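Below: the structure, in structure tokens.
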2 protein chains.
Amino acid sequence: MSKRINSKDVAREAGVSAATVSYVLNETKSVTISKETREKVLAAVQKLGYVPNQAAKTLGSSRIVGKSKSNLIGLVIPQTESGKELMFDNPFYGDFLSAVEYAARQEGFHLLVSGVNADQSYIDIAKNRSLDGIIILGMYPSEDNKEYKQIGIPTVLVDCYGTDHFFHSVRTDDRYGGYLATRHLIQHGHKRIAFVSGEVKESGVTDMRFLGYQDALREARIPYDPNLVFTGYVGYQYGIEAAAKIAQGNAGITAAFAAADIIAVGMIKGFRNLGLRVPEDISIIGFDDIYQAEICDPGLTTIRQNIKEKGNAVAKIIVSAAKNSTFPKTEIVIPLEIVERESVRNL
Amino acid sequence: MSKRINSKDVAREAGVSAATVSYVLNETKSVTISKETREKVLAAVQKLGYVPNQAAKTLGSSRIVGKSKSNLIGLVIPQTESGKELMFDNPFYGDFLSAVEYAARQEGFHLLVSGVNADQSYIDIAKNRSLDGIIILGMYPSEDNKEYKQIGIPTVLVDCYGTDHFFHSVRTDDRYGGYLATRHLIQHGHKRIAFVSGEVKESGVTDMRFLGYQDALREARIPYDPNLVFTGYVGYQYGIEAAAKIAQGNAGITAAFAAADIIAVGMIKGFRNLGLRVPEDISIIGFDDIYQAEICDPGLTTIRQNIKEKGNAVAKIIVSAAKNSTFPKTEIVIPLEIVERESVRNL
DNA sequence: TAATTCTATTTAAGCGGTTAAGTAAATAAT
DNA sequence: ATTATTTACTTAACCGCTTAAATAGAATTA
């Protein structure tokens, strides 16, 4: 195996010092390099096929405390005990990841993707890998973990509803989305509207959508009825179950807002199994606009978030903050829009 | 910002040298450390909350050429010019990624995920990041790129049908899958069977499935008819288009094998739009068993590959090869099974 | 008892960059 | 003409770890 080519080799080839090579390649602002020298170096790099060693760069640049440049951004995703292997169970995590990765790469960053479970901290990953930034998906750093503010690297929380405003944050306006969805049903003449969701954790995404549901009811002066609320888990199967419960009950439900498309799709199937038709017998609106929403029959009316925009926003923040330590705390709320298909009709 | 804690700090705390700390933490085989010393070191690590610096580890261990230990595995995904941002357009890449990441992490490796387009080589990423292994998805390293054999790190090709057998490889038996699907239709009495797929690139996944289709026909002594072959692109919309073409033609088609579920799902919708029923008027079988196959109506009969098993296999190879340089070249073919739902019926 | 081997550890030389500080020549200011 | 400043570099000290080689004491062997 041939020896790896390092900056010294390039320096020798170009007839300069290794420092000069570093200055040229990094376009170091504080130092001036003549055009000729720059070109000599670049030519040598080209000729030798030199690729810098990131480990050395990271280590070398870590002399100034907290200023290491690993050009690595971590994307960490919490994993529940139950579903350890299913990090990307949510299908649009894939889209999100694509968007973040692409945007980050354009700025010279690579993406380290890791699940994290309770016993290992993402802070350790950040330290260990000298991460330049970290993206935390759907998880709020626990308050009792004193370390959490000392990460010392740009951190952006995605889809988190913590009260603390220490970190950057990107999320959708889930509460408004819940409102939009419910209002849409109300505008179509519905008054007995079920709310179907996974577990409603305090300050979670579902909780926000639930609040939005209540907002819309309040606005329309429709009394909130807890009997119309069905909570289980985010999954196709639960949609089927919920449909059965709704069909069996006699609460006079004419429409349902499912806080996740996958539940909504299950409900359509569930109602069909029971001989009920959507939207003729019951209207359904979902949330997320996953791929299946378009494909299922009838097409699912739902609330769409622009996942690509979300990924771009996240990447932009993390990259900007990584490059510029004075980058101010930023909170971005991705707008939502209603996508009308066939699952809702006038009462 | 407090100073980072390094191995010297731990050494001082434990009253030993930094080398000893290294030996303890890495459980270096060639060196014996007494139990007491080990415990002193471990206690110091605990007390100080020491997390090793991976960049230093990588750099330090790179003294032996080609033996750096970054504990990083790269997962690279080719990106076409057209769809740059859509790295994970294929929904089960997400599942695959989850499986690989989880398995790799259990062995102490992190995963670097990156798209690659023509102008930047995954080899550069491997060099730059001192990757311990690289997973290449659906792309065969170009022959003309001489470098490709010099990567010098374990490489596993996923879903590649190159002729060269230099690398590890994991794939499904797409040809057999195509055969299975087609045979299933034949066994249900169909003789005029359409083949619907995206672009058939030589030695690509689709090509293999196409060959399997022909295998089954040959076995059943059904003459191959090019008029029954419809190629477009892998997408829901194309399924709709293909359904229209099939319905308009009068080739006597009674069944179709769609080489991708997403096309099959589109076809179901397409036929329905035209007033044709699946499976009453036409039987459809897909490939992949994506999530939508279960959800759509009627449920799609399809060929399933165990994506989790695939991810595990890939991780196992790459990790084994990274840890043991004598690990022999391995080729794994993930078995396929037919999942019967409602989209196929007897003629 | 001396020579040898084993055990447990330290010393120190890298790994490949970065970057503060130094230097020499060219240019500008006094 | 002399000093100050700027330009364009080089030198060398680090970054935090690994690991070959050195070392010293204990155990074993000759």
Side-chain angles (χ1 to χ4, degrees), chain A residues 3-41 44-45 48 50-72 127-130 132, chain B residues 1 3-41 44-45 48 50-71 127-130 132:
Chain A
K3 181 187 161 299
R4 269 210 55 171
I5 284 150
N6 60 29
S7 66
K8 250 175 200 157
D9 298 325
V10 174
R12 196 179 310 116
E13 175 75 26
V16 298
S17 73
T20 301
V21 173
S22 173
Y23 292 138
V24 168
L25 261 28
N26 294 302
E27 299 176 14
T28 311
K29 286 287 178 190
S30 58
V31 157
T32 41
I33 299 288
S34 71
K35 198 177 174 188
E36 301 133 45
T37 302
R38 183 195 324 286
E39 279 162 4
K40 270 193 299 181
V41 170
V45 165
L48 301 179
Y50 168 67
V51 177
N53 179 323
Q54 184 61 56
K57 294 187 73 160
T58 303
L59 185 58
S61 63
S62 68
R63 286 168 59 182
I64 301 169
V65 178
K67 267 291 175 195
S68 98
K69 292 165 101 10
S70 63
N71 283 303
L72 234 204
K127 280 189 190 174
N128 174 250
R129 294 282 172 189
S130 313
D132 285 345
Chain B
M1 195 168 306
K3 181 186 162 299
R4 270 211 55 170
I5 284 152
N6 60 28
S7 66
K8 249 176 200 156
D9 298 325
V10 173
R12 197 179 310 117
E13 175 74 26
V16 298
S17 72
T20 301
V21 173
S22 172
Y23 291 139
V24 169
L25 261 29
N26 295 302
E27 299 176 15
T28 311
K29 286 287 178 191
S30 58
V31 156
T32 40
I33 298 288
S34 72
K35 197 177 173 187
E36 301 134 46
T37 302
R38 183 196 323 287
E39 279 162 5
K40 270 193 298 181
V41 169
V45 166
L48 301 179
Y50 169 67
V51 177
N53 179 322
Q54 183 61 55
K57 295 187 73 161
T58 303
L59 186 58
S61 63
S62 69
R63 285 166 60 181
I64 301 168
V65 178
K67 268 290 173 194
S68 97
K69 291 164 101 14
S70 63
N71 283 303
K127 281 189 191 172
N128 174 249
R129 294 282 172 188
S130 312
D132 285 345

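This structure is a prediction, so every number in the text was calculated from the model and none was measured. Labels below follow one simple rule: chain letters A, B, ... track the order of the sequence lines, proteins then strands, and each chain is numbered from 1.
- Per the geometry, CD1 belonging to A/Ile33 stands 9 Å off P belonging to D/dA8, to the nearest Å.
- Across all strands, B/Ser17 comes closer than 4.0 Å to base atoms (heavy-atom distances).
- The heavy-atom pair separating A/Lys69 from A/Thr58 by the smallest distance is O-OG1, 3.7 Å.
- Both B/Tyr50 and B/Ser30 lie near DNA chain D, and the one whose nearest nucleotide falls closer to the 5' end is B/Tyr50.
- Counting any heavy atom pair closer than 4.0 Å across all strands shown, B/Val21 reaches no nucleic acid atom.
- Rounded to a whole Å, the NZ atom of A/Lys35 is 19 Å from the C1' atom of D/dC9.
- When all heavy atoms are compared, the tightest approach of B/Val41 to B/Val10 is O-CG1, 4.1 Å.
- Contact check, A/Ser7 against C/dG17: a side-chain N or O comes under 4.0 Å of OP1 or OP2.
- Comparing C/dG17, C/dT10, D/dA12 by their closest approach to the side chain of A/Pro52 singles out C/dG17.
- Residues B/Lys57 and B/Asn26 form a side-chain contact, since some pair of their non-hydrogen atoms from C-beta on lies under 4.5 Å apart.
- Shortest non-hydrogen contact noted between B/Leu59 and A/Ala55 is N-CB, 4.0 Å.
- Using a 4.5 Å heavy-atom threshold, the side chains of B/Asn53 and B/Arg4 count as touching.
- The distance between atom CD of B/Glu39 and atom P of C/dT9, rounded to the nearest whole Å, is 12 Å.
- Nearest nucleotide to the B/Ser61 side chain, out of D/dT19, C/dT19, D/dC9: D/dT19.
- Put simply, NZ on A/Lys8 is 10 Å from C1' on D/dA12, counting in whole angstrom units.
- In this structure, A/Thr37 reaches the sugar-phosphate backbone alone: every heavy-atom distance under 4.0 Å involves primed, P, OP1 or OP2 atoms, never a base.
- Following rounding to the nearest Å, A/Glu36 (CD) and D/dA8 (C1') show an atom-to-atom distance of 11 Å.
- Looking at heavy-atom distances under 4.0 Å, B/Val31 makes contact with a base.
- Rounded to an integer number of Å, the gap from B/Arg12 CZ to D/dC17 P is 12 Å.
- B/Ile5 places none of its side-chain heavy atoms less than 4.5 Å from the side chain of A/Lys127.
- When the nearest nucleotides of DNA chain C are assigned to B/Arg38 and A/Asn53 by heavy-atom distance, the more 5′-ward of the two goes with B/Arg38.
- Taking atom CG of B/Asn26 as the reference point, atom C1' of D/dG16 lies 13 Å away to the nearest angstrom.
- Minimum atom distance to the side chain of B/Tyr23 is reached by D/dA21, of the listed D/dA21, C/dC15, C/dA21.
- Across all strands shown, A/Thr28 has no heavy atoms under 4.0 Å from either base or sugar-phosphate atoms.
- Residue contacts for A/Thr32: at a heavy-atom cut-off of 4.0 Å it reaches a base atom on one of the strands shown.
- For the pair A/Lys69 NZ and D/dC15 C1', the computed distance is 16 Å after rounding to whole Å.
- Between A/Ser34 and D/dC9 there is a side-chain N or O to OP1 or OP2 distance below 4.0 Å.
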